[in-house]
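To keep things clear, I will list the structure first and then write my remarks on it.
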Amino acid sequence: MRVFREKVQVSMFRQLTGLMGLAIIALLAVPAQAEPKFSFATTPGQLPRDVIPTRYAVEITPDPKSLSTTGTEVIDIEVRKPTRTVVLNALNLKVDQARLDGRLPGAVKIDPVKQTATITFARPIPTGPHRLSLNFAGQVNAQAEGLYYVRYKTDKGEKLMFGTQMEPTDARRMFPLWDEPVFRTPFALTVKLPENFKAVSNMPVEREKRLGGGLKSIAFAPTPKMPSYLLVLCAGELESLEDEVAGVKIGVVTTEGKSQNGRYAQEALKKLLPYYNDYFGVGYALPKLDQIAIPGGFSGAMENWGGITYNEAILLYDPARSSQSTKEAIFNVVAHEVAHQWFGNLVTMAWWDNLWLNEGFASWMDTKATDHFNPEWEVWLRASAAKNFAMQSDARSTTHPIQQPVTDPAQAASAFDEITYQKGEAFIRMLEAYLGEAKFRDGIRRYMKAHTLSNTTTADLWAALEEASGQPVQAIAAGWTEQPGFPVVTVSSRCEGDKQRLALRQDRFTVNDPNAKALLWKVPITYGAVGSDKVESFLLAEKTATTTAEGCGAPVKLNRGDTGYYRVKYEGNLFEQLKQNFSRLQTADRVNLLSDTWALVQAKQAGARDYLSLAEAAKDDTNLAVWQQILATLGEIDRLQIGQPGREPFQAYARSLLQPVYQRVGWDAQPGEPETTGLLRSSVLASLGKFKDEAVVAEARRRFEAFVRTPESLAPNLRPPVLSVVGRYADQATYDQLLSLARKTQSTEEKRNYYAALAGALDPKLAQQTLALSLKNEEEPNLATNLVLQVAGSGEHREMAWEFAKQNYQALLDKRAFFNRYKYLPGLVANFTEAERAQEFEAFAKANLPAEALPEVSKGAEFVRASAGIKEQQIGEVDSWACSKTKVEGGKGAQFCLGVN
Ligand code: BES
Ligand code: ZN
């Protein structure tokens, strides 16, 4: 691990506190000083600031046969303080022939641990502009780190293409450079490639010339000043769809034969680019914007400026074969990456400790823009699931503030988590609601204008929002981004004359973390009486407060519209009243009440029957988001029931709870039904299949057999649920059938569905076969390693998958790119619900994995401990509820229920 400036500060701080004792600790316990606005000099980082790059000219030749590269580089630099050494980043590269200003030779020393190249000259370089030139040689990687290759099948045999993935710290694997976002520099890239290759980079092609010997050289126009993590180069036998919008040339680039499936993403971009031009108040900055579909690489997408890369499964849409959820995922991911073209690319966080500025904002913006263009998808209602994901992790001891120190590449990679993304998104949503949509947007416009082509910290964002709104944004917001966790607001109500008097109190909300530090927030509370559209707001700035609400007849509901990032606990008979009025609550409030109640169950502040009785109150609900909340919770309870005697009665109960909605949606789409109904149908069918509904399982099998004969017979929306149910109960023949379908298709979306289905097989013999596949090279490496997680998760072979992972951990981790390597670990144990497993996992990691992997390991272990705690506390109550509500006929389940009631 590297030594950074912050590290030194931390150890000095420890010495100081050690020497001066408690007094200084008491002093430091007052709220930490707010973060300063951006300045180049105070930005954290590893590289010295006395030499800065002002332009790169890079020429690189990647060889598709040997998978190695050679290249030359000319870097214009500005020396700010005379120095004999120039330090820049390089990893797995050979660097030589370093020269200053064409004359003075430099000695190159590579440090593989610090990931740097230090070039030392015989005499100090005087201040001012200079030119550094060097040669380098490196590799084309098998994983999505730096320059990488992907192999894919076509009708004309196997092909290879090149791609890049730089964020956060892998550009240094392609050529030596200042690989920190604060060093914004123009890049002028030239690449030598086989003549039949097309190449795409951030900027348009400027010159192309034939070199003979089957090679050509392509020079791209220089980029504006930009951070190194946004660099892109893709090349191969590619084709593209071309168009133009708002004066910008746009394209969808795919491997040959697939570009027609890019139409949907192209249309999405045509809507989004003008929308963002307006929202941000500055136009898109580059002359072109390509969206590149890669049949592999990694499973997500990357916002490279002017050349966004996507795994093709989330960019290409085939109307005859793709599902509604794929369509929504495409719109959402395009909205996300295109938002980054401003928020992230035009204006960049100064350092990875402020990554949330990029990812939290883009996550919020993707939902906002998706909702704007597709209101019928109800994505804000459904965003509740993403918020819950963040809140669940934010309640545990392993959480961290949105803004967190980052000192090495592993920590930078680890920062791409649900706190940065989903808490960031939810917090921005709460802030937007508090300041008002128009004021918030004005603040964003000011921010964009003030920091164009530069870097920022969170303090710069607060300052812009303060100017626009006149509100003390920094004072309200800093507690949410600089402190871990969030509050639960306890509310009780009592009638006084014709008014309700509300008493509010905030406490930190935790799960399995009794020693959590008590914290306070400034909480933007909204509330209103059920049945009334009148919503009042109130900033809860202290521990407790009282306020009033109109009318004594109807109960009040807090966090109206589900826009707040806090839980609410209703005291006295308020909860009962809300439950009785459940169907009168607005949809977002129904979703919110369900989520909060389940969270309180997890925190042991409510009983499982509180949640289950509420879910029963929802049985006539038709809303997708409401059902997704219930299905997710039933799924979680079912997971806690694995291996427990109460599982069978619980599944019977879950089936009975789902019957009414199943009866309503059925198997086949009705003409003109909303798109959300299609999604509701596929979620309900998948859940019923999982809970062993015999009719659903039989029908899924029947439809699968028909599908194998006549693929068009199975509607695209039914493919994921049918495949998952059939895969779960598969025998060898069905498994083989799924595998051959997976191997045959050239669509990554379909491949993912087939492999996920077969990896969910309950039959242990089949699970072993799936585990073996994870080490083979028939699938893209990233997806192959996911098979182990799927065998442990949907396949329910927790023990088998964990044993396999222990035996093969090195091979599995080696298949993952560095930036998402350690994030793989928690999933390996996440389905255990026994505390001993958490300990075993930690012990294994300590003995076998590098220290930089341990933060991810702790997260995984803590997740298991939290599950164990919830299981222990709540399973008895679940059992007695389920047994009292359903008749389990015969067998072990019935016997078990006899004992329970
Ligand atoms: N900047 C990220 C891609 C990324 C993720 C780079 C992790 C390095 C490490 C990109 O904008 C992103 O967030 N992609 C998401 C998809 C998005 C719709 C949330 C992804 O890849 O999962
Ligand atoms: Zn992003």
Side-chain angles (χ1 to χ4, degrees), residues 143-146 148 163-173 179 181 226-232 265 268-269 272 276 291-294 296-305 307-315 325-349 352 354-370 379 382-383 385-387 389-390 406 409-426 428 748 752 780 782-783 786 816-824 856:
Q143 282 78 37
E145 46 189 27
Y148 67 88
T164 53
Q165 172 58 36
M166 307 308 201
E167 194 182 20
T169 58
D170 285 326
R172 61 190 67 172
R173 295 174 193 261
D179 201 10
M226 70 172 201
S228 51
Y229 78 87
L230 292 175
L231 201 67
V232 64
L269 181 57
L272 287 161
Y276 288 148
Q291 305 196 83
I292 307 153
I294 303 183
F298 82 112
S299 51
M302 176 65 213
E303 70 265 25
N304 315 297
W305 210 356
I308 305 171
T309 48
Y310 300 82
N311 185 296
E312 65 171 30
I314 50 167
L315 189 68
S325 59
T326 295
K327 185 180 187 180
E328 293 187 9
I330 294 169
F331 199 98
N332 181 73
V333 70
V334 171
H336 181 100
E337 307 310 338
V338 177
H340 275 312
Q341 306 301 304
W342 285 261
F343 227 95
N345 301 6
L346 188 63
V347 179
T348 312
M349 81 262 138
W352 303 108
N354 271 307
L355 178 65
W356 90 283
L357 284 178
N358 268 12
E359 299 302 349
F361 188 91
S363 299
W364 166 79
M365 194 83 225
D366 72 43
T367 312
K368 188 179 178 75
T370 302
V379 291
R382 291 154 59 196
K387 182 169 74 172
F389 176 39
V406 169
Q411 287 178 3
S414 172
F416 292 81
D417 67 1
E418 60 280 8
I419 299 299
T420 298
Y421 278 74
Q422 282 80 18
K423 184 179 183 179
E425 163 170 3
I428 292 180
T748 306
R752 283 188 186 186
E780 50 171 292
N782 193 48
L783 282 192
N786 284 346
R816 314 265 309 182
F818 180 79
F819 75 88
N820 69 15
R821 180 166 307 157
Y822 301 131
K823 272 188 260 163
Y824 180 61
E856 297 293 344

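Each ligand, and each atom within it, is numbered from 1 in the order the structure gives. As the structure is a prediction and not an experimental result, all values here were calculated from the model. Just the heavy atoms: all of them, side chains too, but no hydrogens, waters or symmetry mates, feed the values below. This chain uses plain numbering: 1 for the first residue, then up along the sequence.
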Notebook entry, point to check: If you count the atoms of ligand 1 from 1 in the order shown, which ones are under 4.0 Å from a heavy atom of Gly300?
Noted result: 20 (C), 21 (O)
Margin query: side-chain contact (heavy atoms from CB on, under 4.5 Å), that's the test. Do Asn311 and Arg752 meet it? Break it down for me.
Written below: CA-CA 11 Å; Asn311 185 296; Arg752 283 188 186 186; 3.3 Å; yes
Next item on the list: Consider every N or O of Glu167 and every N or O of ligand 1, then say whether any pair is closer than 3.5 Å.
Entry: yes
Next item on the list: Identify the protein heavy atom lying closest to atom 16 (C) of ligand 1, giving its residue, its atom name and the separation to 0.1 Å.
Entry: Glu337 OE2, 3.8 Å
Note to self: Taking ring-ring contact (aromatic ring centres under 6.0 Å, His included) as the definition, give me every residue that meets it alongside Tyr148, ordered by chain and number, with sequence neighbours left out.
What the structure shows: none
Notebook entry, point to check: So how many protein N, O or S atoms does the Zn ion (ligand 2) have within less than 2.8 Å?
Noted result: 3
Checklist line | Contacting atoms of ligand 1, where contact means under 4.0 angstrom from a heavy atom of Phe298 | finding: 21 (O)
Notebook entry, point to check: Which protein non-hydrogen atom lies closest to atom 9 (C) of ligand 1, naming both residue and atom, and how far is it?
Noted result: Phe819 CD1, 3.3 Å
Next item on the list: Around atom 7 (C) of ligand 1, find the nearest protein heavy atom and jot down its residue, atom name and distance.
Entry: Phe416 CD2, 3.3 Å
Next item on the list: Using the ring-ring contact (aromatic ring centres under 6.0 Å, His included) rule, take Trp364 and Phe343 through it: C-alpha gap first, then chi angles, then the decisive distance, then the call.
Entry: CA-CA 11 Å; Trp364 166 79; Phe343 227 95; 8.6 Å; no
Note to self: Taking 4.0 angstrom as the limit and counting only heavy atoms of His340, give me the atoms of ligand 1 inside it, by number and element.
What the structure shows: 11 (O)
Check: Going by the atom numbers of ligand 1, which of them fall below 4.0 Å from some non-hydrogen atom of Met302?
Finding: 1 (N), 3 (C), 6 (C)
Next item on the list: Would you tell me which option among Ala362, Ala301, Ala817 has the nearest heavy-atom contact to atom 10 (C) of ligand 1?
Entry: Ala301
Item checked: Member of Glu359, Met365, Glu303 meeting the side-chain contact (heavy atoms from CB on, under 4.5 Å) criterion with His336 -> Glu359
Check: Which pair of non-hydrogen atoms, one from Thr348 and one from Pro227, has the smallest distance, and what is that distance?
Finding: OG1-CG, 3.6 Å
Check: For ligand 1, is there an N or O atom under 3.5 Å from any N or O atom of Tyr421?
Finding: yes
Notebook entry, point to check: Sub-3.5 Å donor-acceptor pair from the side chain of Gln422 to the main-chain atoms of Phe389, do we have one?
Noted result: no
Notebook entry, point to check: Quick one: which ligand 1 atoms are inside 4.0 Å of a heavy atom on Gln165?
Noted result: 6 (C), 8 (C)
Item checked: Sequence-distant partners of Glu328, side-chain contact (heavy atoms from CB on, under 4.5 Å), two or more places apart -> Gln324, Trp377, Arg382, Leu679
Check: Among side-chain atoms of Ser363 and Asp366, is any donor-acceptor pair under 3.5 angstrom?
Finding: no
Note to self: With respect to Glu303, determine whether any N or O atom, backbone or side chain, lies less than 3.5 Å from an N or O atom of ligand 1.
What the structure shows: yes
Margin query: Show, in sequence, the C-alpha distance, side-chain angles and deciding distance for Asp179 and Thr169, and conclude whether the side chain to side chain donor-acceptor pair (under 3.5 Å) test is met.
Written below: CA-CA 7 Å; Asp179 201 10; Thr169 58; 5.6 Å; no
Next item on the list: Could you give me the CA-CA distance, side-chain angles and deciding distance for Met226 and Asn304, then say whether side-chain contact (heavy atoms from CB on, under 4.5 Å) is met?
Entry: CA-CA 10 Å; Met226 70 172 201; Asn304 315 297; over 6 Å; no
Checklist line | Listed partners of Phe298 passing ring-ring contact (aromatic ring centres under 6.0 Å, His included), at least two apart | finding: Phe819
Item checked: Contact atoms of ligand 1, heavy-atom distance to Val333 under 4.0 Å -> 18 (C)
Next item on the list: Starting from the C-alpha separation in whole Å, work towards a yes-or-no answer on side-chain contact (heavy atoms from CB on, under 4.5 Å) for Ser414 and Glu856.
Entry: CA-CA 8 Å; Ser414 172; Glu856 297 293 344; 2.8 Å; yes
